[in-house]
Structures are given as structure tokens and as C-alpha cells.
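Shown next, in C-alpha cells, is the structure this report addresses.
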Amino acid sequence: MEAIIAVVTLIVTCAVAIPLTIVFYSKHQKKTSDATIGSAQDKAREIIDEALKTAESKKRESMLEIKEESIRTKNELDKEIKERRAEAQRYERRVQQKEENIDKKAEAIEKRESSLAAREESLEKMKVEISKLNEQRVQELERISGLTSEQAKDYLLKIVEEEVKHETAVMIKEMESRAKEEADKKAKEYVVSAIQRCAADHVSETTISVVQLPSDEMKGRIIGREGRNIRTLETMTGVDLIIDDTPEAVILSGFDPIRREVARIALEKLIVDGRIHPARIEEMVEKAQKEVEQMMKEEGEAATLEVGVHGIHPELIRLLGKMKFRTSYGQNALKHSIEVAQLSGLLAAEMGLDVRLAKRAGLLHDIGKSVDHEMEGSHIQLGAELCRKYKENAVVINAVESHHGDVEATSLIACIVQAADTISAARPGARRETLETYTSRLKQLEEIANNFKGVDKSFAIQAGREIRVMVVPEQISDADMVLLARDISKQIEAELEYPGQIKVNVIRESRVIDYAK
């Protein structure tokens, strides 16, 4: 019974304790959850406040960056505007200089026209005076001699013609001497003007080099920002870069072949390297210049070895190598010198002369062409000065001076070099001239001279660079020779196309022959 009472008591106790426990637990859980929610809300508020602060600081930083960027952009724009203004000012100055030059040339032309007008007036006065003298002479002759008017007229015309010819010849000589005195001053101006106005095909072929590009995108990198790369390259090398629509190619244009070669090597190195900017361009141009200098030295040494000439001064060897980049009427100057040296050696061997000396003279005969575009004087004068400077043999110096007939040859070797030079230059295919045009020009030269009255015979010599005209002494006087030479040269200029210049040599001689029996 007691056990039953204990079980019932336990059941009642559990029935009461369980609901109470549930109630207390739910209250405790609620308190815990309320505390957790409160702390989460506080944390959320803190996070939001911190995020607002961070956003505000980011906003301030962004505003500062935007202000700095706008200031930097403004400075760049100001700098670019200044550069463009400076460039515009330079352009204006160049335009003003050109206008001043044009005004000066116009003034010079006006002065020439006025001087020509004055000369024409003086000539008219002379004609009037001559006509008056003729009338007076006719009247006097008719009165004194009793000749007919026609006879007196013929006599006077003959006298006046001879006097006019003599005066004209004297005047031409005076004008030619005056022109020679002024030629040295104006020669450079005329040559530059002729180069600028000439557009012949052979000029374009020998004054350009083409550099191949891997792609057309490289053209933009070569030009650079605002053209600074191309300006640096043109300034450093002295060569014009032509970047046009030609696919994957850049054209280098310049009259100095050495500068053009330096520019070509430097540009190829820059294309391979890929880093194209002014500092790198300067570095590559310096390397290219050293390479070209080394190349000239090696080419000069190779030429001396090919010919078999030793003991030449190192500077002369370098100048020989420099001639590889020089052409004359399309013929390479170094190859021409080697050809002349070989021919001189062969001719000297046939005549029993010093073969090595002949080869040496032949190799150095055109050495002046390596510096004639840098120094004043003909290549003959410059070559002789170089040979004297580096203690060359007197025979070699004389061969250099006389290979175009400017100085008399004093040795057989000098005559051999002159002949070898003519053979190398005149052979068909050596220069820009076919055999047909060459022979046709010689024939036309002789025909032009033979068509003039009083000419006995004529000979075109020195590969068409000179024509010798033999005249009949009974028909052509000494005064007539001056006029005849001038008329022949004018007709040659009008009717023929030829490189360089042609010397017209008129010869008049009288021979008396008798026989002793």
C-alpha cells in the first residue's frame, strides 16, 4: 500500500514539476534570445557606422584622385598647347625666311633684267653708230674710188663683218672669263637648285633604300607619339623617312649613301629589338655608325687584298672602303677602282713596267671621290692632296692628277691609268648607258660638228667627253674659232642628252710643205 502511495506521489510530483520546468525554461530562453538580438542589433549598428565612415573616406580619396587627374590632364594640355604654339612660331619664321629669300631673288632678277635692258640699249646704239659709219664710208668710197655702189657695199660689208666678228669674239672671251670668276660663288646654289628640281628615275633609284617591316602596325611605332620617334631618327641620321601606303615597307631617302646606310641598319635593329623611343634610337644610330665605319675599313682591306697592293696608309684604306657607297653614273666607285687597278696591272705587265706600282696608282686614282661631297674642290685635286698627305709615290700622285687630262702625264704608268680608267668607264654595261646609245651619241657629236661651215673633220674622244674639231685655216680665222666653238657647244646642249660635260676643242693649224730635189 505504501508502495502504491509512493508511486502516486511520484506521478503527481512529476505532473506538477514538468509544467513548471517548461514555463521556467521558456522564460529563460526568451531572456537569452532577447539579449542575443540586442547584441546583434548593436553590432549591426556598429558595422553600419563603420561602413558609412569607410564610404566617406573612400569618397574623399576618389575626389582627391579625380582632382589630381584633372590637374595632371590640364598640365599635359597646357604643355601640348605650348609645344604647338612653339612649332607654329617656328613654321611662321621659316615662312618669313622663305618670303625674304623669294624677295631677294626677285630683286636679283629685276637687276639682271635691268642690266640686260641696258646692254640691249648699248647694242642698239652700237648698231646705229655702225650704220652711220657705213653710210659715211659708202659716200667717201664712191667719191674717192669711183666704185659702184654694189662694189663699195660688198667691200664695206666684208670689213664690217670681220670687225664685228673680232669684237664679238673679244666680248665672248671677256664674258666667259667674268663667268668663270663668278662660277665658284654660284656653283653650289645652282647644283642644289638642280637637285631639287630634277626628278629623273636614276636619281630616285640611287638615293633611296627600302626597309621591310614585319607588319603595318610597326609604322605607328616608328612614327611615335606626336611623331617624336621619326623626328629623332631623321635628326640623328640626316635622312628623310617616307612612310606612305606601301605595304610593310618604309623608304629612306637621302643623297648621302653613308647616312642612308646608317639609317637603314639602325631602323632594322630597332624593328628587331621592338623598343622604339628617342633614347633607344640614339643608341642604335651610334651602333650603326660604328658598324658602317667597321664595314668601310673591311671593304677597303678586302679591295687591297683583291688587287694585291700592300703598305697603303690605314686612312686611305678606310676612304677606299667609303667608296663602296659612292656611284658615278650608276657605276660603283670602289668596283670601278678595283677594275682600273687590275687593268693597269695587266697593261703594265705587257709593257714590262712595275705592276705593283701601276695597280697602286689604279686603285687610288679616284680616292678623291670619297671626300669630294664633304670638301671643296674636284675629286682630282682632293685625291692628289690625300696622296701627298699620306706620303704616296710621286708616280701615283701624278697618275691621280692626270687621269682626266687636267695635268700632263710624266710617266708611262700615269698614261696606263688614264687608259684603264677610260676602258672601265666606257665599256658597255658599266654605266647607265647601253652600247647603242653610247655609239649613237658619239656619231651625233661628230655629225653636229661636221655640219658647220669650215670644219674639215672632227673626232669624238675620251668616251664622248671631248670632241676635237679640225677647221680649214683659209676659211676660219682665230676670231671665228671662238664663235665656232660656242655655236657647236650650244647645238650639242640643244640636241643631245649626256652625263657630265663635253669639251669642244677647235684646232686650227697651217702647214707648209716643200721638197728638196
Side-chain angles (χ1 to χ4, degrees), residues 183-184 187-188 191 195 206 255-259 261 292-293 295-297 299-304 306-307 309 311-344 357-411 413-426 430-431 462-463 465-466 499-501 503:
D184 291 336
K188 289 183 181 179
V191 170
I195 288 171
T206 57
F255 281 94
D256 190 335
I258 296 175
R259 290 181 183 175
E261 182 69 11
V292 172
E293 284 290 328
M295 190 188 306
M296 289 191 295
K297 184 180 177 183
E299 289 293 335
E301 291 172 350
T304 57
E306 182 178 348
V307 176
V309 175
I312 296 179
H313 193 279
E315 182 62 20
L316 288 178
I317 291 176
R318 188 186 74 84
L319 292 175
L320 274 174
K322 194 175 180 181
M323 288 169 65
K324 179 188 176 184
F325 302 98
R326 176 73 193 268
T327 59
S328 178
Y329 305 122
Q331 186 181 26
N332 186 276
L334 180 58
K335 290 182 180 178
H336 168 65
S337 296
I338 293 171
E339 239 178 44
V340 172
Q342 299 285 15
L343 289 168
S344 299
L357 188 60
K359 284 186 175 182
R360 193 184 193 94
L363 186 63
L364 296 175
H365 81 286
D366 268 348
I367 192 69
K369 287 186 177 179
S370 60
V371 294
D372 63 351
H373 59 288
E374 302 169 354
M375 302 169 65
E376 292 184 0
S378 67
H379 75 277
I380 296 170
Q381 296 170 345
L382 296 173
E385 289 174 4
L386 286 171
C387 290
R388 287 193 186 94
K389 181 179 178 181
Y390 297 110
K391 311 298 182 186
E392 279 295 328
N393 192 298
V395 175
V396 175
I397 295 171
N398 178 250
V400 173
E401 290 178 322
S402 64
H403 75 274
H404 279 317
D406 295 325
V407 175
E408 185 177 357
T410 58
S411 65
I413 287 178
C415 297
I416 285 172
V417 171
Q418 186 175 1
D421 177 55
T422 305
I423 292 168
S424 175
R431 298 189 172 183
Q462 288 197 17
R465 288 195 291 265
E466 180 180 348
Q501 61 183 13
K503 179 180 179 182

As an exercise, state the distance from [atom1] of [X] to [atom2] of [Y], rounded to the nearest 0.5 Å.
{"X": "E339", "Y": "H336", "atom1": "CD", "atom2": "NE2", "result": "8.0 Å"}
{"X": "K297", "Y": "L319", "atom1": "NZ", "atom2": "CG", "result": "13.0 Å"}
{"X": "L334", "Y": "E299", "atom1": "CG", "atom2": "CD", "result": "6.5 Å"}
{"X": "H379", "Y": "L386", "atom1": "NE2", "atom2": "CG", "result": "12.0 Å"}
{"X": "S411", "Y": "L357", "atom1": "OG", "atom2": "CG", "result": "7.5 Å"}
{"X": "K391", "Y": "I397", "atom1": "NZ", "atom2": "CD1", "result": "9.5 Å"}

So, are E315 and R318 salt-bridged, with charged N and O less than 4.0 Å apart?
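Yes, charged N to carboxylate O under 4.0 Å.
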Quick one: closest heavy-atom pair of [X] and [Y], and the distance?
{"X": "H365", "Y": "V417", "value": "CB-CG1, 3.8 Å"}
{"X": "C387", "Y": "I367", "value": "SG-CG2, 4.4 Å"}
{"X": "L363", "Y": "S337", "value": "O-CB, 3.6 Å"}
{"X": "A420", "Y": "S344", "value": "CB-OG, 3.5 Å"}
{"X": "G300", "Y": "L320", "value": "CA-CB, 4.2 Å"}
{"X": "I312", "Y": "V309", "value": "CD1-CG1, 3.6 Å"}

Could you tell me how the ring of H313 sits relative to the ring of Y390: parallel (under 30°), tilted (30 to 60°) or perpendicular (over 60°)?
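If you compare the ring of H313 with that of Y390, the planes turn out tilted.
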I'd like to know if the side chain of N398 and the backbone of E408 have a donor-acceptor N/O pair within less than 3.5 Å.
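Checking the backbone N and O of E408 against the side chain of N398, a donor-acceptor pair under 3.5 Å is found.
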Under a 3.5 Å distance rule, please check whether R360 uses its side chain to pair with a backbone N or O of G311 as donor and acceptor.
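It does hold such a pair.
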side-chain contact (heavy atoms from CB on, under 4.5 Å) assessment of L316 paired with E392
CA-CA 10 Å; L316 288 178; E392 279 295 328; 3.7 Å; yes
Just do the side-chain contact (heavy atoms from CB on, under 4.5 Å) check on I258 and M296 with the steps written out, would you?
CA-CA 10 Å; I258 296 175; M296 289 191 295; 4.1 Å; yes
Between Q418 and D421, is the side-chain contact (heavy atoms from CB on, under 4.5 Å) condition met? List the steps.
CA-CA 5 Å; Q418 186 175 1; D421 177 55; 5.8 Å; no
